[in-house]
Amino acid sequence: MAGLVLASLFAGQSAPMARHLEKLDRGVVAVRTGAHEAFISWRLLGTDPSGLAFNVYRGATKLNAAPLTGATNFTDKAATAEAYSVRPVLNNAEQPAPASTPAWAQPYLRIPLQQPAGGTTVDGGTYTYTANDASAADLDGDGQYELVLKWDPSNSRDNGSAGVTGPVLLDAYRLDGTRLWRIDLGKNIRAGAHYTQFLVYYFDGDGRAELACKTADGTVDGAGKTLGDASKDYRSLLTPTDAPAVPNTRDARYGRILAGPEYFTVFDGRTGAALASAPYVPGRDPIDGWGG
Ligand SMILES: [Ca+2]
Ligand SMILES: [Ca+2]
């Protein structure tokens, strides 16, 4: 009887909330900090057992006398061209290590980017692209971060100013510069610092991140598929489009996109393919309100 009562008590308790964790690797980074010196650092993971220590190797040479605890970095005072590895030590037993890591020659990582070609707007203005906001996440689940980068056209506009802009592009890169995909938000998403606040996050908790942002008719996803109706042009121009015309280029509406549907779209992090879209909230009206 007592056992039955206990069982029913436990059945009534809710299970502890499961945390969604990034599944990242050890993340060993080595940086040359002098002619004969290198700084090595690595991650202590939330899933590591307590009491875990580390050995640091340059090539086949172990650099620390006793397993390291209390910090996840080490300075090598006799650096050579050899690469580094960091091996966890649990209960005095050294664990396997991932591939060794060469030291960066400079105190930052160079990532080659594929700068998009510029273009010409309907009113003859030209634009080029510069790298803008970026977000880091593991897009493919291999334990290493990738970057999602927004390309900003040089004619991008703040919400408070009129004008036609070039399209906004979003690229995903591995840290070696391999491009995974490119999304073109299309003519119906205006370029500007306050239009595309993209999110890169583990939305479904499976260890691979997704991208989410505002899209519109004519957005082309990372797999080359067009969202919505590619023929639609909702820009406010001097001649009617799918939106009414405006009288001149000084009109506050000129170049803005004030008509047509907007969507909130989630993209697969590995491929850039659109997974799902829903109406974007808040809407743009009034244009001096939250959504304008
Ligand atoms: Ca990755
Ligand atoms: Ca995911």
Side-chain angles (χ1 to χ4, degrees), residues 15-31 40-48 54 72-73 83-88 95-104 106 108-116 131-151 169-185 196-215 219-225 227 263-281:
M17 288 279 285
R19 288 190 184 182
H20 288 168
L21 297 174
E22 297 175 295
K23 296 174 183 171
L24 299 180
D25 65 16
R26 190 60 65 192
V28 177
V29 171
V31 180
I40 305 104
S41 72
W42 58 93
R43 294 185 179 114
L44 185 68
L45 304 172
T47 51
D48 281 336
F54 298 94
T72 52
N73 63 77
Y84 294 91
S85 59
V86 175
R87 302 182 192 176
Q95 310 294 308
S100 58
T101 306
W104 300 350
Q106 64 285 317
Y108 53 86
L109 180 64
R110 281 183 189 277
I111 302 174
L113 303 176
Q114 297 177 31
Q115 184 183 26
N132 197 258
D133 296 336
S135 187
D138 184 3
L139 299 176
D140 56 9
D142 71 349
Q144 296 182 24
Y145 277 143
E146 283 76 40
L147 293 179
V148 175
L149 173 73
K150 183 173 84 170
W151 288 105
L169 309 173
L170 292 162
D171 280 359
Y173 294 94
R174 292 206 169 94
L175 297 185
D176 66 0
T178 303
R179 197 179 82 191
L180 299 181
W181 42 258
R182 170 170 288 171
I183 292 169
D184 182 343
L185 294 182
T196 298
Q197 282 69 52
F198 61 99
L199 303 171
V200 184
Y201 194 72
Y202 304 85
F203 287 110
D204 63 0
D206 70 352
R208 290 185 289 103
E210 288 76 41
L211 162 71
C213 66
K214 184 163 73 174
T215 61
T219 293
V220 179
D221 75 7
K225 184 181 173 190
L227 279 60
Y263 309 103
F264 187 63
T265 300
V266 177
F267 298 89
D268 187 303
R270 291 171 300 182
T271 64
L275 296 173
S277 294
Y280 189 86
V281 177

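Below, all heavy atoms of this structure are taken into account, side chains as well, without hydrogens, waters or symmetry copies. Indexing begins at 1, ligand by ligand and atom by atom, following the structure's order. If you read the sequence from its start, that first residue is 1, and numbering goes on from there. None of the values given here were measured: they were computed from a predicted structure.
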In sequence, state the C-alpha distance, the side-chain angles, and the governing distance for Thr101 and Val29, and then conclude on side chain to side chain contact (heavy atoms under 4.5 Å, CB included).
CA-CA 7 Å; Thr101 306; Val29 171; 5.9 Å; no
Please state whether the separation between the Ca ion (ligand 1) and some N/O/S atom of Gln144 is under 3.0 Å?
yes
Taking the N/O/S atoms of Glu210 one by one, which is nearest to the Ca ion (ligand 2)?
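Atom name returned: OE2.
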The Ca ion (ligand 2) as vertex, arms to OD1 of Asp204 and OD1 of Asp206: angle to 10°?
80°
Counting neighbours of OH on Tyr201 that are heavy atoms of other residues, nucleotides or ligands and sit closer than 6.0 Å, is the number greater than 12?
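At most 12 heavy atoms, drawn from other residues, nucleotides or ligands, come within 6.0 Å of this atom.
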Polar side-chain atom of Arg43 near backbone of Asp25 as donor-acceptor pair, under 3.5 Å:
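It does hold such a pair.
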Closer than 3.5 angstrom, by distance alone: can the side chain of Trp181 be matched with the main-chain N or O of Leu170 as a donor-acceptor pair?
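Checking the backbone N and O of Leu170 against the side chain of Trp181, no donor-acceptor pair under 3.5 Å is found.
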Of all N/O/S atoms in [X], which lies nearest to the Ca ion (ligand 1)?
| X | answer |
| --- | --- |
| Asp138 | OD1 |
| Asp140 | OD1 |
| Asp142 | OD1 |

Would you say Tyr173 and Gln114 are linked by a side-chain donor-acceptor pair, where the criterion is simply a distance under 3.5 Å?
no
Within-4.5 Å side-chain heavy-atom neighbours: Gln115 and Trp151:
yes
I'd like to know if the Ca ion (ligand 2) has an N/O/S atom from Arg208 within less than 3.0 Å of it, counting both backbone and side-chain atoms.
yes
Contact check: Asp268 to the Ca ion (ligand 2), N/O/S below 3.0 Å:
no
